[in-house]
Visitor: 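Below you will find the structure I want to go over with you.
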Amino acid sequence: MTRITKRYVISQAFHAATPPKPVFSGTLSLVHFHGEGRASSNDSVLKSLSKETNIKEAIKILERSDNVGIGAYTRLLEACIRSKSLSGGEKIHQYLLKNNTHIRSSIVLEKLTRLYVECGEVELARNVFDRIPNPNVVLWNSMIRAYSWDGLFDRAVDLYYEMCDMGVEPNKFTFPFVLKACSVLKALEDGKKIHDHAKRIGLDFDIYVSTALVDLYSKCGCLNEAQIIFDKMPKRDVVAWNAMIAGSALHGLYKDTIGLFLEMQKAGTNPNTSTIVAVLPTVGQAKVLNQGKSMHCYCVRRTFDKDVQVGTAVLDMYAKCEQLDYARRIFNTMGVRTEVTWSAMIGGYVSCGCMGEALKMFDQMLLKDEMDPTPATLGIVLRACAKLTDIDRGRQIHGYTIKSGFLLDIMVGNSLLSMYAKSGLIDDAISLFNKMEAKDTVSYGAIISGCGQNGNAKEALFIFHKMQVSGAHPDLATMLGVLPACAHLAALKQGRSGHGYLIVHGFSSDTSIGNALIDMYSKCGRIDVAREVFDRIPKQDIVSWNAMIAGYGINGLGMEALRLFHDLQKVGIKPDDVTFVCILSACSHSGLITEGKHLFYAMNKDFNIIPRMEHYICMVDLLGRGGFLDEAHNFIQRMPFEPDVQVWGALLGACRIHGNIELGEVVSKNIQRLGPEGTGNFVLLSNIYSAAGRWVDAAHVRIVQKDWGFKKSPGCSWVEVSGSVHAFIGGDHSHPQSALIYEKLEELLVEMKKLGYHADASFVFQDVEEEEKERILLYHSEKLAIAFAILSLSPNKTIFVTKNLRVCGDCHSAIKFITMVTKRVISVRDTSRFHHFKDGTCNCRDFW
DNA sequence: ATAGGGTTAG
């Protein structure tokens, strides 16, 4: 799609730049006609030929003349070629066919082939070409070149092989054409074969052939190979330098590119606009503003800046260096601006976060005549829609991509996908994804991370498997979507196999990958492996440290988290706001209240980080869990900004743990005042009432909740057994081994009771008989998952169960008994942390 | 010359 658009633009430009020319104008071939036949009839032919519309006339005259030799036709055709008169040539062709004259003559067929080549009619050219018994190398060359010009690169390469098969030896003009085609196709293997061929003929040192080889190898990523050929060139012109520079720029090698740019000038070759246009993007990528400025000066000195492409490249460089004012100034002073210029400017605003300005410019662009958005423009604007979650505009653009046909452009499709996914419209994203005909690695990456971010990790992993079957190759970014999905599901086996894949493909030393692995392993309960990964990351960044601190936090290893926080300061990396969220919640989970309070104040005083809502949530949680309910309440009231639902929710949770009904009621009034966001809080409040036996109040809360239209999401627990995830909801009978599972639970209950277990009825939130309560509790999802795991996993194996809500208090105590009865180690990950149960205790020290 | 998927908290 992109290609078609570009060609459309180019042909428009061509028409605009070329004034209508009288065909057969000037002195062309007139002289030749005089040399042959009878002067009188030829003279009249020539006269009528001076106008294209008179070709028919010319043919009539030829028809009337006797003994018109083949030369007259070939010269006529030659004239058509020079003036690119397709219609004239076609008329002659038709005349020859009709009269069956000279139509098998090689010389006529050659001229016709060349005519069609020059007029861009490749298929017609090929048709005639195939009738020539032994075309010479020049004709083969122009045919190959014609395919290349028309974008039919694969056919250009095919034709080269055909030519060799026919025993025609390529010359120094053949190689540049066919190598160019290989370079565009990234057909390295073909390119190498052709390179060998050129070597055998001894043409590989020709400046044009060498340049084409440099271009081929550098575009295919073999920069060393390109450099070797480049170094061996006896002479290098600006095109050769540009090929080398463009190759290194393409791979984002800023230093090498600038090095070549300087070297070129030292060698006495002046850069041209193509050089500049190749170099500037790497300057922008590397954000080296000073270098960019001096390149800009160079352009001004050589008046390159009048060139649209150069101007656009300079503008883009400033935008990438976050110098929007410079970029805008360039934009304003440019005499000519193309769609690319506008797109670059809009893109600059988007990456700098100025969405309003970006959308304003996009609207202005739409109002301009003869200025239509390109696929790239739409991609940029969709990114803005995603960041703003401007769904209306996003959908509008979706409509436009359908109408314009741009939806077939895979990048546009991917931008739409990620716009929907990031706006939380995962169903729209999935349906678009299913409709997309061509899907690449990026499409899969977008939908996988989209599913993960929208809480559908299972679907994410399912699509990941489909991706591998489809033959698309997961890359680094794909895995950065897959690993969090594994982490969410605690799917250790799948996460581990992902880790293996990353090692095999050489991605495992990447920092972001390491960070995602730390998170995955620590959420799968393997804090030891997480630490190993952390220690092996060659260049840790702040995210690595944060992930590791958080990992210790949810595993109840607060002291380890604090130790790491102190190590962090020793290495000289500055903690960021997220670091404090991690360390404060780590303190909270381990009951390290003094340390947490200290850190909260140090955060502002020593680290210059102003606490955000998230930090207040952590602090309320820390104080509340620790039993300092009034202090937590005071803390909220002293907040410098309005606390949100989650802050009050943290306090309500603490009221639940410590059974404080009075404060719980105050808090829940505040929550209801703040609006409908706090679904989970209804459950908490109702639980507080029912724990105290106030069934009527509890029921009332449930009724209000219902009236407001909220559903409590059912508790769900799952466990991974030999690579597949088995999920259970409370009282669930849908599992194939259900009967065995319930039998096991009854058996366990008997043993647990012998050791002193009593079902804690305060966790049953319905007013039913005691025995019924015991059953309800016994069939909680976490207990079902544990029973299934006991049946399925060998006794020496730790059982990992994951739950979508907080683990229930009765289950928490029951699991302790289960570890005593079965002598097994059980870990439960709930929404807030890990509970590692062993020998009748849990490492959360009942701080759940 | 412009463009797509990405890790940490709760």
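Since we're looking at a predicted model, the values are computed, not measured. Order of the sequence lines sets the chain letters (A, B, ...), proteins ahead of strands, with each chain counted from 1.
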Visitor: Categorize A:Thr441 for me: base, sugar-phosphate, or nothing, with a 4.0 angstrom heavy-atom threshold over every strand shown.
Guide: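 Contact class for A:Thr441: base.
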Visitor: What is the separation between atom NE2 on A:His615 and atom C1' on B:dT8, rounded to the nearest whole Å?
Guide: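 To the nearest whole Å, that distance equals 12 Å.
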Visitor: Let me know the distance between CD1 of A:Ile527 and C1' of B:dT8, rounded to the nearest Å.
Guide: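 After rounding, the reported distance stands at 13 Å.
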Visitor: For A:Ser443, report the nucleic acid contact type (base, sugar-phosphate, nothing); a contact means any heavy atom under 4.0 Å.
Guide: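 The answer is nothing, as A:Ser443 stays clear of every strand by at least 4.0 Å.
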Visitor: For A:Asp576 and B:dA9, give me the distance from atom CG to atom P, rounded to whole Å.
Guide: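 Spelled out: CG on A:Asp576 to P on B:dA9 is 12 Å.
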Visitor: Given B:dG4, B:dT2, B:dA1, which nucleotide is nearest the side-chain atoms of A:Val308?
Guide: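 Looking only at heavy atoms from C-beta outward on A:Val308, the closest nucleotide is B:dA1.
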Visitor: Surrounding OH of A:Tyr326 (heavy atoms of other residues, nucleotides or ligands, distance under 6.0 Å), is the total greater than 12?
Guide: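 Not buried by this count: 12 neighbours or fewer within 6.0 Å.
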Visitor: Looking only at N and O atoms, is any donor in the side chain of A:Asp621 or the base of B:dG10 less than 3.5 Å from an acceptor on the other one?
Guide: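 Looking at the base of B:dG10, it does not pair with any donor or acceptor on the side chain of A:Asp621 (distance under 3.5 Å).
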Visitor: Could you check A:Tyr501 against A:Phe507 for ring pair (Phe, Tyr, Trp, His ring centres under 6.0 Å), going step by step and ending with a plain yes or no?
Guide: CA-CA 9 Å; A:Tyr501 181 90; A:Phe507 297 141; 7.1 Å; no
Visitor: Determine whether the side chains of A:Ser512 and A:Asn515 contain a donor N or O and an acceptor N or O closer than 3.5 Å.
Guide: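 Per modelled atom types, A:Ser512 and A:Asn515 side chains form no pair under 3.5 Å.
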Visitor: Rounded to whole angstrom units, what separation is found between the CG atom of A:Leu315 and the C1' atom of B:dA3?
Guide: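 The distance from CG of A:Leu315 to C1' of B:dA3 comes to 15 Å, rounded to the nearest Å.
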Visitor: Of the non-hydrogen atoms in A:Pro575 and A:Ile609, which two are nearest, and what is the gap between them?
Guide: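 For A:Pro575 and A:Ile609, the tightest heavy-atom pair comes out as O-CD1, 3.5 Å.
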Visitor: Atom CG of A:Leu568 and atom P of B:dT8: how far apart are they, to the nearest Å?
Guide: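 It is 18 Å, rounded to the nearest whole Å.
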Visitor: From B:dT8, B:dG10, B:dG5, pick the nucleotide closest to the side chain of A:Val581?
Guide: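 So the nucleotide nearest the side chain must be B:dG10.
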Visitor: Round to the nearest Å and state the distance from A:Leu584 atom CG to B:dA9 atom P.
Guide: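 Atom-to-atom, A:Leu584 to B:dA9, this comes out as 14 Å.
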Visitor: Check the phosphate of B:dA3 against A:Lys320, side-chain N and O only, distance under 4.0 Å to OP1 or OP2. Yes or no?
Guide: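 Yes, such a contact exists.
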Visitor: Please determine, for the side chain of A:Ile617, which listed nucleotide (B:dG10, B:dT7, B:dG5) has the closest atom?
Guide: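 Of B:dG10, B:dT7, B:dG5, B:dG10 is nearest to the side chain of A:Ile617.
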Visitor: Quick one: label A:Arg337 by what it contacts on the DNA or RNA (base, sugar-phosphate, nothing), any heavy atom closer than 4.0 Å.
Guide: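 Since no nucleic acid heavy atom lies under 4.0 Å of A:Arg337, the category is nothing.
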Visitor: Report yes or no: is there a donor-acceptor pair, N or O only, under 3.5 Å between the side chain of A:Ser449 and the base of B:dG6?
Guide: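 Answer is no: no donor-acceptor pair is held.
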Visitor: May I ask you to check whether A:Thr389 and A:Ser423 show a side-chain donor-acceptor distance below 3.5 Å?
Guide: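 There is no such pair (donor and acceptor under 3.5 Å, judged by atom type) between the side chains of A:Thr389 and A:Ser423.
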Visitor: B:dT8 C1' sits how many Å from A:Gln540 CD, rounded?
Guide: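 Distance check: A:Gln540 CD to B:dT8 C1' gives 14 Å.
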Visitor: Quick check on contacts: within residues 411-424 of chain A, what sits under 4.0 Å from DNA chain B by heavy-atom distance?
Guide: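 Contacting residues: A:Met411, A:Asn414, A:Ser415, A:Ser418, A:Lys422.
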Visitor: How long is the line joining CG of A:Leu480 and P of B:dT8, in whole Å?
Guide: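 Spelled out: CG on A:Leu480 to P on B:dT8 is 9 Å.
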Visitor: Measure from the side-chain heavy atoms of A:Val442 and tell me the nearest of B:dG5, B:dG6, B:dT2.
Guide: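 Nearest listed nucleotide: B:dG5.
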Visitor: Among A:Tyr552, A:Phe534, A:Phe565, which residue satisfies the ring pair (Phe, Tyr, Trp, His ring centres under 6.0 Å) criterion with A:Trp545?
Guide: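 Only one option passes, and that is A:Phe534.
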Visitor: Counting the atoms with a prime plus P, OP1 and OP2 as sugar-phosphate, which does A:Leu476 contact under 4.0 Å by heavy atoms, base, sugar-phosphate, or nothing?
Guide: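 If one applies the 4.0 Å heavy-atom cut-off, A:Leu476 turns out to touch a base.
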Visitor: Counting only side-chain heavy atoms from C-beta out, which of B:dA3, B:dT2, B:dT8 sits nearest to A:Arg383?
Guide: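 The nucleotide sitting nearest to the side chain is B:dA3.
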Visitor: Between A:Asn804 and A:Asp830, is any side-chain donor less than 3.5 angstrom from a side-chain acceptor?
Guide: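 Judged by distance alone, the side chains do not pair up.
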Visitor: Which pairs count as ring-ring contact (aromatic ring centres under 6.0 Å, His included) when at least one residue sits in residues 421-441 of chain A, sequence neighbours excluded?
Guide: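 Listed once each, the pairs are A:Phe433-A:Tyr444.
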Visitor: Regarding B:dG5, can its base be found pairing with the side chain of A:Asp475 as donor and acceptor, where the two atoms are less than 3.5 Å apart?
Guide: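 When only heavy-atom distances are counted, A:Asp475 does reach the base of B:dG5 through a donor-acceptor pair under 3.5 Å.
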Visitor: Determine: side-chain N/O of A:Gln453 to OP1/OP2 of B:dG5, distance under 4.0 Å, yes or no.
Guide: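 False: A:Gln453 side-chain N/O out of range (4.0 Å or more) of B:dG5 OP1/OP2.
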Visitor: Are any of A:Gln285's side-chain N or O atoms less than 4.0 Å away from OP1 or OP2 of B:dA1?
Guide: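 No, no such contact exists.
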Visitor: Given B:dG6, B:dG5, B:dT2, which nucleotide is nearest the side-chain atoms of A:Ala344?
Guide: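 Minimum distance to the A:Ala344 side chain belongs to B:dT2.
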Visitor: Determine the contact category for A:Ala376: base if any of its heavy atoms lies under 4.0 Å from a base atom, sugar-phosphate if only primed atoms, P, OP1 or OP2 are that close, otherwise nothing.
Guide: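 Here A:Ala376 touches the bases of the nucleic acid.
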Visitor: Would you say the side chains of A:Thr374 and A:Thr377 form a donor-acceptor pair under 3.5 Å?
Guide: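 Result is yes, a qualifying pair exists.
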Visitor: Name the nucleic acid region contacted by A:Thr338, choosing base, sugar-phosphate or nothing; use a 4.0 angstrom heavy-atom cut-off, strictly under.
Guide: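 Base contact.
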Visitor: At 4.0 Å (heavy atoms only), tell me whether A:Val277 reaches a base, stays on the sugar-phosphate, or touches nothing.
Guide: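 A:Val277: backbone/sugar contact only, no base atoms under 4.0 Å.
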